[in-house]
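Shown next, in structure tokens, is the structure this report addresses.
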Protein chains: 2
Amino acid sequence: MTVAPALTERSTRAAEIVSVGRRILEEEGADALTMRRLAAAVGMQAPSLYKHFGTKRAVEAALIEHGLLELGTALHTAVSGGARRGGGPVRRLLTAYRAAALANPALYRLATAGPLPREDLAPGLEDWAGEPFFLATGDPSRAQALFAFAHGMVVLELDDRFMPGSDLRPAWEAGTRVFA
Amino acid sequence: MTVAPALTERSTRAAEIVSVGRRILEEEGADALTMRRLAAAVGMQAPSLYKHFGTKRAVEAALIEHGLLELGTALHTAVSGGARRGGGPVRRLLTAYRAAALANPALYRLATAGPLPREDLAPGLEDWAGEPFFLATGDPSRAQALFAFAHGMVVLELDDRFMPGSDLRPAWEAGTRVFA
DNA sequence: TGAACGAAGCTAACACAGTTAGCCGACGTC
DNA sequence: GACGTCGGCTAACTGTGTTAGCTTCGTTCA
């Protein structure tokens, strides 16, 4: 369970579409990820996209795979990185989680908010990406609670839901202390 | 700060629109809350809605006010409800939070996910609704962390993001113990 | 009493979203 | 050489939020 699952295989053209889609997502935000916009960026007309992906959700599912893979990679290395790095596993996990999420906000939201198209995802990927929470806590329920805290912090920060201008490091610190 | 702020005043027609909108939201979900659908339900054409609300976001802001008011009310009574009820303030707060959120999932999401149109909200409402987290913890950073945990749990549960079929009570219990 | 005016409805229309139908050229295979 | 699939195209449909412009009704004011 410690090696990342392989992503769904795609033709080179499909892979190119996903890659361009990701660039749009990061550079222009989720609203810009439109079938027409995506098609134009890859050099075709919108309906032609449907020769490669059955629906927009399927394109998003491919992007979600990349998001989960990167997030999972960051969390696994953080948790398994031994005593060399500072703090216990919970602290390292939370630090890595926040950094990975804020590095690609749009991809993070796509991958973690809204319903998950599990049938379009590489098998085992979701479990693998979430495994570090169990590794850091040693208990399924605590893992879920810790995941909820981390996701809540990130999503509330991205949505600017905390009091405007408040420094969030103490809140992360409070959560870290409480869960460690 | 302990009495709920007054909501934005509205004409009777505008109030009716909001009330109908809320019914649609709860009975048919967020996707069904369409300007045409809403207008039809209230007995008019879609463009006529713009005589009462400048934009769909404004209608949603009115609904958000109701959501924040109800959520805040539930949290305040939970926190201020003395030793009569079981557990400490954190436990009572989290229990009330989950119950209020799951009672009206669509309204909860509208009120807590995505960017908040603060300029369209009754002044003080947001602060007041979030105050119970401070009252239960006595510390701003712990309050933010606890809020993040609660919101994360609810939103992940609503999005069915936990392993399918998992009982979430232990996770809530773990969070409760950790923050109490 | 009548003129003026604002509030609140209407229809028509626009731009843009995802998506479908149907056509067509290039390519590989029997 | 025929055939079929792959991957592109255009045209078009439905549904979204929203705007422009017209009308109608009730109120107000000279």
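The figures that follow rest on heavy atoms only: side chains count, while hydrogens, waters and symmetry mates do not. Not measured: the values here are computed from a predicted model. Lettering follows sequence order; numbering is per chain, from 1.
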Output yes when at least one side-chain N/O atom of B/His52 is less than 4.0 Å from OP1 or OP2 of C/dG9, else no.
yes
A/Glu157 meets the side chain to side chain contact (heavy atoms under 4.5 Å, CB included) criterion, sequence neighbours left out, with A/Arg98, A/Leu102, A/Leu168, A/Trp172
In short, salt bridge (charged side-chain N to carboxylate O under 4.0 Å, His left out) pairs touching residues 69-78 of chain B with sequence neighbours left out are B/Arg22-B/Glu70
Across all chains, not counting sequence neighbours, the ring-ring contact (aromatic ring centres under 6.0 Å, His included) partners of B/Phe147 are B/Phe133
With sequence neighbours left out, the residues meeting side chain to side chain donor-acceptor pair (under 3.5 Å) with A/Asp31 are none
Applying side chain to side chain donor-acceptor pair (under 3.5 Å) to A/Arg13 and not counting sequence neighbours gives A/Glu16
- Message: Any salt bridge linking A/Arg57 with A/Glu119? Criterion: basic side-chain nitrogen under 4.0 Å from a carboxylate oxygen.
- Response: no
From CZ of A/Phe53 across to C1' of C/dG18 the rounded distance in Å is 16 Å
Rounded to whole Å, the CG-P distance (A/Leu38 to C/dT19) equals 12 Å
Salt bridge (Lys or Arg N to Asp or Glu O under 4.0 Å) filter on A/Asp160, not counting sequence neighbours, yields B/Arg118
Taken in chain and number order and not counting sequence neighbours, the residues that satisfy salt bridge (Lys or Arg N to Asp or Glu O under 4.0 Å) with B/Glu28 are B/Arg37
With B for base contact, S for sugar-phosphate-only contact and - for none (protein heavy atoms under 4.0 Å), nucleotides 14-26 of chain D reads --BBBB-------
Under a 4.0 Å heavy-atom cutoff, the residues of residues 9-20 of chain B touching DNA chain D are none
